[in-house]
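Worksheet for the structure shown next.
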Amino acid sequence: MIDLKLIREKPDYVRQAIATLQVTAPIDEILDLDEQRRNLLSQVEALRARRNEVSKEIGRLRGGPGTEGLKEEMRQVGEQIKALDEQVKEVEERLRRALLEVPNLPHASVPVGKDESENVVVRTEGEPRQFDFQPLPHWDLGPMLDIIDFERGVKMSGTRFYILKGLGARLQRALIAWMLDLHVQQHGYTEIYPPFMVREECLWVDGKLPKFRDNVYHDAEEDFWWIGTAETPLTNLHRDEILPADKLPLNYVAYSACFRREKMSAGRDVRGIKRGHQFDKVEMYKFTTPESSYDELEKMVGHAEDVARLLGIPHRVVLMCTGDLGFVAAKKYDVEMWAPGCQEWLEVSSISNCEDFQARRGNIRFRRERGAKPEYVHTLNGSGLALPRTLIAVMENYQQADGSIVVPEVLRPYMGGIEVIR
RNA sequence: GGAGGGAUGGCAGAGUGGACUAUUGCGGCGGUCUUGAAAACCGUUGUGGGCUUGUCCCACCGGGGGUUCGAAUCCCUCUCCCUCCGCCA
């Protein structure tokens, strides 16, 4: 949610910024509702002030002469208040809903562009390995080594499901444990194990709702929504709190399973384990002060890159242009790993500075010093990293001519010392 | 799943229809005293919103609704917490 005052005071600036995102937002409706609301409030508050005063007078008179008349008058004032209150409530609800549909505005350093074709590759690190044989895609390697079982996954749960087996499952578990340890021990994050199911409200706060309703699974009978990312529970961790400034930045890292309907990408990436309805991810999250959030963003990108560096896998960093920013980010980078088998750059991380967009929706604030007014924090999130794709990158980059896979050195302690999967 | 008890300010905890402008204590902040500190004493201490920007007004006692001239207080409902029983990993 962006600041209503900004829309009220600089509507043209807001309209123009949103246009660069290639989306529309109900700015005129918001301006109209905002004015209606303030008019109604002035009226109803004046009436309430009068009623408060007269009611106190009635109390003082203790049912003496004239109180019946006053009571009758206040009954009528009460009716007016009630009628106006209903209008206020309706206008405020419409205003709130409209504000929740406005995307975040891009930071000045974000390149303007119409879609992903205008994203900017910021840097590429690591040389793609030269193979003296034809490297295989993971969907061939997995079944050959009996570490991925596509058929039985589909038998149980349908398309976009698979089973990791034996050392395949172990390798994923090793990646998760190693990445968590890396971020906790080397990068200063605090580990969180969050709920994988949350109440609807949490999805409004982090900005998944209203836009991405079609991509979220939820229980039809109870208010349980399956998270599509640990960003959702992490954003809500400090909802409705005022954090002390000297505790910032707060750095969290969480492993979670993630669930996505993928209705919008039907038919895309159906081969292999790149895009499933269920996947694992290690997610980084920061609550910072406004003045430090862009430094923290660069640090977080570095933390995601460290995973690629330490695994010895070539990667690149891509800066999203305005047309590919999405709903909540003011600035966003993707980290992509090179996968020589399927011959593509795999998006293994997406790192965003949401500035105060989520903080407003979740009322997450901080206080600079005792007595100072609370201010909204800035929030950042980034994958560190997404599992199935990292698993793909490891398998395809570390494959050998006989189809076996060398275990990257950093993972061996987490694999019971196993050096090769064969 | 069954029965009962709860939710009040940073914390503890009083308040059962008008004196609540929410008692009191602790903590925090400022001051007096002191070489300094402690103690004592005095003062102060939340969050939003409105336009007429003021010694101004409105809202907020878990959320929502209702009764009333007037609700922290009475009624309905939801959420969460606690105790006991049952079940369960």
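Quantities reported herein were computed from a predicted structural model and do not represent experimental measurements. Throughout, a chain's letter reflects where its sequence line sits, starting with A, and its residues are numbered from 1.
Between B:U83 and B:A72, the two C1' atoms lie 26 Å apart (nearest whole Å). Between B:G54 and B:A71, the two P atoms lie 31 Å apart (nearest whole Å). With C1' as the reference atom, B:G10 and B:G18 are 31 Å apart, rounded to whole Å. Comparing the P positions of B:G46 and B:C11 gives a spacing of 14 Å, expressed to the nearest Å. When the C1' atom is compared between B:U77 and B:C84, the two are found 25 Å apart, to the nearest whole Å. Between B:G9 and B:C61, the distance separating the two C1' atoms is 9 Å to the nearest Å. With both ends at atom C1', the span from B:G62 to B:C42 equals 36 Å, rounded to whole Å. Atom P of B:G15 sits at a distance of 12 Å from the matching atom of B:G6, rounded to the whole Å.
Going from atom CG of A:D240 over to atom C1' of B:C80 covers 14 Å, rounded to whole Å. The separation between A:E201 atom CD and B:G64 atom C1' is 14 Å, rounded to whole Å. Atom pair A:I81:CD1 and B:C69:P shows a separation of 12 Å (rounding to whole Å applied). A:E73 places its CD atom 14 Å from the C1' atom of B:G70, with the value rounded to the nearest Å. Rounded to a whole Å, the CG atom of A:L47 is 16 Å from the P atom of B:C69. In this structure, A:N363 atom CG and B:G63 atom C1' are separated by 15 Å, rounded to whole Å. Atom CD of A:Q76 and atom C1' of B:G70 are 17 Å apart (whole Å). The NZ atom of A:K89 sits 12 Å away from the C1' atom of B:G63 (whole-angstrom rounding).
A distance of 5.0 Å separates CD1 in A:I421 from CG in A:L167, rounded to the nearest 0.5 Å.
Nearest heavy-atom pair across A:K263 and A:D214 is CG-O, 3.8 Å. A:Q278 and A:Y162 get closest at one heavy-atom pair: O-OH, 4.2 Å.
For A:K114, the salt bridge (Lys or Arg N to Asp or Glu O under 4.0 Å) criterion is met by A:E118, not counting sequence neighbours. Partners of A:E336 according to the salt bridge (Lys or Arg N to Asp or Glu O under 4.0 Å) rule, which considers only residues two or more places apart in sequence or in another chain, are A:R316.
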Can you check nucleotides 18-20 of chain B for protein contacts, nitrogen or oxygen pairs under 3.5 Å, and list what you find?
{"from": "B:G18", "atom 1": "N2", "to": "A:S55", "atom 2": "O", "distance (Å)": "2.6"}

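A:T229 has its side chain within reach of A:K208: a pair of non-hydrogen atoms, C-beta onward, lies under 4.5 Å apart.
Each of A:R199 and A:L70 was matched to the nucleotide of RNA chain B holding its nearest heavy atom; the match closer to the 5' end belongs to A:L70.
A salt bridge links A:D34 to A:R8: at least one charged side-chain nitrogen sits closer than 4.0 Å to a carboxylate oxygen. Ion pairing between A:E90 and A:R94 holds under the 4.0 Å rule for side-chain N and carboxylate O. The pair A:R50-A:E53 fails the salt-bridge criterion, with no side-chain N (NZ, NE, NH1 or NH2) lying under 4.0 Å from an Asp/Glu carboxylate O.
Looking at A:Q358 and A:Y376, their side chains never bring a donor and an acceptor atom within 3.5 Å of each other.
Under a 3.5 Å cut-off, the side chain of A:E296 and the backbone N or O of A:K286 do not form any donor-acceptor pair.
Taking a pair as Watson-Crick or G-U wobble with both distances under 3.5 Å, the runs of three or more consecutive pairs in RNA chain B are B:1-7 with B:79-85, B:10-12 with B:24-26, B:27-32 with B:40-45, B:46-50 with B:56-60, B:62-66 with B:74-78.
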What string of B, S and - do you get for nucleotides 47-62 of chain B, 5' to 3', if B is base contact, S is sugar-phosphate-only contact and - is no contact with any protein heavy atom under 4.0 Å?
-> SSBSS-----BBS---

Can you list, pair by pair, the side-chain donor-acceptor contacts under 3.5 Å of residues 381-394 of chain A, counting residues two or more places apart and other chains?
{"from": "A:N381", "atom 1": "ND2", "to": "A:E231", "atom 2": "OE2", "distance (Å)": "3.3"}
{"from": "A:S383", "atom 1": "OG", "to": "A:S350", "atom 2": "N", "distance (Å)": "3.2"}
{"from": "A:R389", "atom 1": "NE", "to": "A:K274", "atom 2": "O", "distance (Å)": "3.0"}
{"from": "A:R389", "atom 1": "NH1", "to": "A:E347", "atom 2": "O", "distance (Å)": "3.0"}
{"from": "A:R389", "atom 1": "NH2", "to": "A:K274", "atom 2": "O", "distance (Å)": "3.4"}
{"from": "A:T390", "atom 1": "OG1", "to": "A:A386", "atom 2": "O", "distance (Å)": "2.7"}

